[in-house]
Visitor: 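Below are the structure tokens for one structure; questions will follow.
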Amino acid sequence: MKTELEQLLRAAIALALPNSTVGDIPLERPRQADHGDFASSIALQLAKAAGCNPRQLAQQIKEALPVSGMIESCDIAGPGFLNFKLRAATRFAVVANVLLSPEQFGRQASGSKGSIQVEFVSSNPTGPLHVGHGRGAAFGASLSNLLDFAGWKVQREYYVNDAGRQMDILTVSTWLRYLSQHAVNLDFPPNGYQGDYVGAMAEALTAHHGASYIKTATEVTAGCPGIPDPILPIDDKQREAQIEAHMDALIHQAKALLGQDWATIHAEVLAEQLDDCRADLEEFGVVFDCWFSEQSLYDSGRVAQVVARLDELGHLYVKDGAVWFKSSAFGDEKDRVVQRENGIYTYFASDIAYHDEKFGRGFDRILNVWGADHHGYIPRVKAALIALGHDASRLVVPLVQFVSLFRNGEKVQMSTRKGQFVTLRELREETGRDAARFFYVLRKSDQALDFDLSLATSESNDNPVYYVQYAHARVHSVLSRWGGDTKELVNSDLSLLGTESEVALAHVLARFPEAADQAATDYAPHSIAFYLRDLAAAFHSCYNSAPFIVAEQPELTRARLALAYSTALVLKLGLSLLGVSAPKQM
RNA sequence: CUGCCCAUAGCUCAGCUGGAUAGAGCAACGGCCUUCUAAGCCGUAGGUCGCAGGUUCGACUCCUGCUGGGCAGGCCA
């Protein structure tokens with residue numbers, strides 16, 4: 001409807017101003033009803049270049065407008081706005097459109113926008129997902145759904161950081177718990193993973209492999225500097241350094257003592273964490289097409305290859321024994337190390353290989369959904385891509401800000417250390433999946449989120465999830481009261497509609513395709529949540545203004561139910577984009 | 001010190017590539033259930049869009065400076 005009107009305007013402008021070049025035609029739905037159904041400020045924009053006053057130009061455009069069955073009137077208002085009023089039949093045509101193909105309403109042809117990869121969550125598989133990851137998951141999943149709906153061919157990917165030190169630390173932590181369960185007593189390192197799940201994995205290790213990994217305490221700590229005594233008067237930096245050195249020595253010692261068994265434990269720990277993570281996300285309605293392993297980049301030699309390529313291109317140099325990438329030559333604020341003095345590649349090196357690999361897969365666009373704390377990392381990745389000859393503008397990084405939990409008005413304290421964090425699983429169990437998914441996307445992603453647990457769990461009118469779901473349930477309640485077949489509703493006489501609240505509802509309904517498309521281009525699932533609230537509000541208003549079922553007027557009843565049912569279908573569609581269910585009863 | 005994000009009603013937040021009288025929810029106040037689910041609706045009140053400049057027909061929106069809050073600046077990931 002909007003695009004048709006846009007074409008009419010374009011034709012009119014071509015006639016009124018033959019020599020002008022017009023970009024996008026501004027066309028908005030005014031807030032105020034007396035400004036019509038659509039308004040355009042195009043005359044104001046073109047007036048200057050055309051050298052005449054805006055109202056005059058608006059008049060010319062109006063007169064050049066092709067005849068159309070959808071427009072009832074076109075007025076010139078204010079400084080030169082063109083206000084369009086639609087015919088009643090045009091206004092309610094949306095109802096028939098929705099009923100004819102409910103799944104397709106607002107959906108754009110698959111692949112019409114090109115292909116896109118969305119990488120999100122990608123948390124280290126070193127422990128359960130917490131509420132921060134939950135936001136990334138909810139955002140990324142909703143965004144992916146939206147992009148798919150708006151015509152992108154979407155691939156959802158989880159990058160698994162299965163290489164590197166954090167995984168080693170988890171493996172050691174598990175092994176140390178295993179040892180202590182077998183009465184080998186050692187001081188547990190403060191930078192080890194301390195959650196209960198580590199102990200559980202240690203028990204599983206015993207169940208699968210018995211006592212075959214037991215070593216003595218002296219063997220394990222041989223060559224370790226030990227954990228600094230808390231009473232020692234050394235500064236925090238020194239203490240930190242010694243703790244890290246102790247951990248490195250433990251890892252080294254574990255690898256030496258266990259030999260092949262180390263790889264077995266490592267693999268088992270990783271598999272267990274990934275399975276848990278996958279299940280957790282699935283229960284949250286978040287499913288990935290691809291789980292991409294960081295380790296595979298090392299195994300296939302891609303990391304070494306990409307570093308070699310940068311070297312051939314002359315973008316590397318050696319300083320202080322380490323290999324540096326000249327990222328400052330490509331927009332980064334300083335150069336970055338890709339290979340450490342000890343010969344080990346940095347995380348950045350594998351990330352370059354990963355992004356190079358992704359670009360090689362031929363996506364038109366690549367999205368990395370990252371926590372906002374990683375924003376400083378963007379320039380160096382882009383720098384690497386540019387250096388490798390890629391078009392870095394194809395990479396977009398939507399940032400997701402932090403989440404704070406509130407219960408009864410008080411902030412829930414969380415710290416990743418000591419495993420004192422609220423997990424996504426706990427959140428889901430407390431609020432339910434629907435509330436969690438909806439609350440997560442109720443705020444702009446680049447805005448810090450205060451997640452109000454009391455509100456999310458309240459079964460009251462304060463809860464915005466219920467507000468939308470209730471509108472959907474209400475429609476079905478009315479439909480079942482009516483008792484007819486909803487398939488018949490397509491043939492209703494929509495010309496019987498026309499009250500103020502009916503017009504308003506149809507108007508919001510017709511906005512859905514634009515809202516979905518805009519939300520996709522803005523990477524802004526939150527605007528769908530807001531749209532759904534608007535739609536529910538328009539429905540509730542309609543519901544209260546007059547009964548849908550009028551006993552002595554079956555035709556009017558059918559027309560009104562057609563409007564109500566199409567509303568329910570769009571509510572369901574919109575909620576499904578956000579991963580929220582649409583119950584028929586509440 | 002430098003970079004990024006944020007600042008809108010008492011509170012939590014929307015505000016579409018610059019458009020007409022800046023919106024919603026909660027809280028406050030006043031109404032609406034013998035009729036399809038009151039988890040709802042209708043109404044009233046509430047604002048110097050952080051401050052100061054600039055760009056123009058027009059600025060919550062764009063630019064600069066300032067104030068106040070969050071985050072980031074490793075041979076960690």
Side-chain angles (χ1 to χ4, degrees), chain A residues 23-24 26-32 34-35 39-41 44-45 47-48 53-54 77-81 83 123-124 126 161 163-167 244 294 319-324 333-334 336-342 344-348 350-351 371-379 399 401-402 442-444 446-448 450 452 455 458-471 473-482 501 511 514-515 518-519 521-522 524 526-527 529-530 533-534 536-537 539-551 557 560-561 564 585-586:
Chain A
D24 288 343
L27 204 54
E28 58 166 25
R29 296 176 180 271
R31 299 187 201 89
Q32 282 167 269
D34 58 315
H35 289 158
S40 179
S41 60
L44 279 80
Q45 279 180 27
K48 197 173 188 182
N53 92 51
F81 288 99
N83 291 345
S123 105
N124 279 339
T126 51
N161 297 125
R165 189 160 175 267
Q166 292 307 314
M167 269 309 299
E244 296 303 329
E294 180 191 3
K319 192 180 89 181
D320 303 331
V323 181
W324 297 70
E333 60 182 15
K334 57 181 172 185
R336 311 287 174 177
V337 171
V338 289
Q339 195 172 15
R340 291 190 270 260
E341 202 177 351
N342 60 13
I344 295 173
Y345 290 110
T346 59
Y347 176 81
F348 181 43
S350 61
D351 224 15
D373 53 336
H374 286 70
H375 70 85
Y377 199 76
I378 300 169
L399 296 174
Q401 287 282 358
F402 291 112
L442 208 48
R443 207 112 302 170
K444 272 189 298 198
D446 58 2
Q447 187 105 239
D450 289 342
D452 187 338
L455 182 57
S458 80
E459 296 203 358
S460 76
N461 48 356
D462 299 353
N463 196 326
V465 194
Y466 292 128
Y467 183 78
V468 177
Q469 289 183 323
Y470 182 51
R474 261 187 157 177
V475 175
H476 282 277
S477 169
V478 176
L479 287 171
S480 64
R481 176 63 60 106
W482 171 61
S501 62
R511 233 173 63 203
E514 301 153 33
Q518 191 66 48
T521 23
D522 294 345
H526 78 275
S527 63
F530 281 93
R533 248 167 41 169
D534 285 350
F539 171 77
H540 286 310
S541 180
C542 205
Y543 181 97
N544 277 282
S545 68
F548 285 92
I549 298 169
V550 188
T557 298
R560 301 207 70 207
L561 288 176
Q585 273 187 351
M586 289 178 75

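Each chain gets a letter, A, B and so on, in the order the sequences are listed, and its residues count up from 1. Note that these values count all heavy atoms, side chains included, but never hydrogens, waters or copies made by symmetry.
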Visitor: Measuring from the side chain of A/His375 (C-beta onward, heavy atoms only), which nucleotide among B/G40, B/C4, B/G19 has the closest atom?
Guide: B/C4
Visitor: Quick one: which of B/C41, B/A72, B/A77 gets closest to the side chain of A/Gln166?
Guide: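 Looking only at heavy atoms from C-beta outward on A/Gln166, the closest nucleotide is B/A77.
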Visitor: Sugar-phosphate atoms are those with a prime plus P, OP1 and OP2; base atoms are the rest. Using that split, label each nucleotide of nucleotides 8-15 of chain B B, S or - for protein heavy atoms under 4.0 Å, 5' to 3'.
Guide: ----SSSS
Visitor: Let's test this: given Watson-Crick or G-U wobble pairing with both distances under 3.5 Å, identify the partner of B/G40.
Guide: B/C32
Visitor: Checking contacts here: which listed nucleotide (B/A20, B/C75, B/G3) is nearest the side-chain heavy atoms of A/Ala39?
Guide: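 So the side chain of A/Ala39 is nearest to B/A20.
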Visitor: Between C1' on B/C4 and CG on A/Leu399, what's the gap in Å once rounded to a whole number?
Guide: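 Taking CG of A/Leu399 and C1' of B/C4, I get 8 Å after rounding.
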Visitor: Is there aromatic stacking of A/Tyr543 on B/G40 here, judged by a ring-centre distance under 5.5 Å and a plane angle under 30°?
Guide: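 No, A/Tyr543 does not stack on the base of B/G40.
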Visitor: Hey, which of these two, A/Asp522 or A/Tyr347, hits RNA chain B nearer its 5' end, going by closest nucleotide?
Guide: A/Asp522
Visitor: Nearest to the side chain of A/Ile549, heavy atoms from C-beta on, is which of B/A20, B/C36, B/C16?
Guide: B/C36
Visitor: Looking at the side chain of A/Phe402, which of B/C36, B/U17, B/C71 is the nearest nucleotide?
Guide: B/C71
Visitor: Need the pair for B/C16. Rule: Watson-Crick or G-U wobble, both distances under 3.5 Å, any strand; none if unpaired.
Guide: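 Checking every strand shown, B/C16 finds no partner, since no pair has both distances under 3.5 Å.
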Visitor: Taking the minimum atom-to-atom distance to the side chain of A/Tyr466, which one of B/A77, B/A39, B/C41 wins?
Guide: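 Output: B/A39.
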Visitor: Please pick, from B/G73, B/C75, B/G19, the nucleotide with the shortest atom-to-atom distance to any side-chain atom of A/Glu333.
Guide: B/G73
Visitor: Which of the following nucleotides, B/A20, B/C5, B/A38, is nearest to the side chain of A/Gln401?
Guide: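 Of B/A20, B/C5, B/A38, B/C5 is nearest to the side chain of A/Gln401.
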Visitor: Just checking A/Ala471: base, sugar-phosphate only, or nothing, at a heavy-atom cut-off of under 4.0 Å?
Guide: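 Nothing, no heavy atom under 4.0 Å.
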Visitor: In the strands shown, is B/U21 matched to any nucleotide by a Watson-Crick or G-U wobble pair with both distances under 3.5 Å, and which?
Guide: none
Visitor: Go through B/C16, B/G19, B/A77 for me and flag the one nearest to the A/His374 side chain.
Guide: B/A77
Visitor: Which nucleotide, if any, forms a Watson-Crick or G-U wobble pair with B/C51, using both distances under 3.5 Å?
Guide: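 Paired with B/G65.
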Visitor: Examine A/Arg474 relative to A/Phe539 and say whether NZ or CZ is less than 6.0 Å from the centre of the six-membered ring and inside a 45° cone about the ring axis.
Guide: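 Ring-cation test returns no.
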Visitor: Where the side chain of A/Ser541 is defined as all heavy atoms beyond and including C-beta, which of B/C42, B/A24, B/A20 is the nearest nucleotide?
Guide: B/C42
Visitor: Considering every strand shown, what is the Watson-Crick or G-U wobble mate of B/U2 when both distances are under 3.5 Å?
Guide: B/A72
Visitor: For A/Leu479 and for A/Asp373, find the nucleotide of RNA chain B with the closest heavy atom, then tell me which residue's nucleotide is more 5'.
Guide: A/Leu479
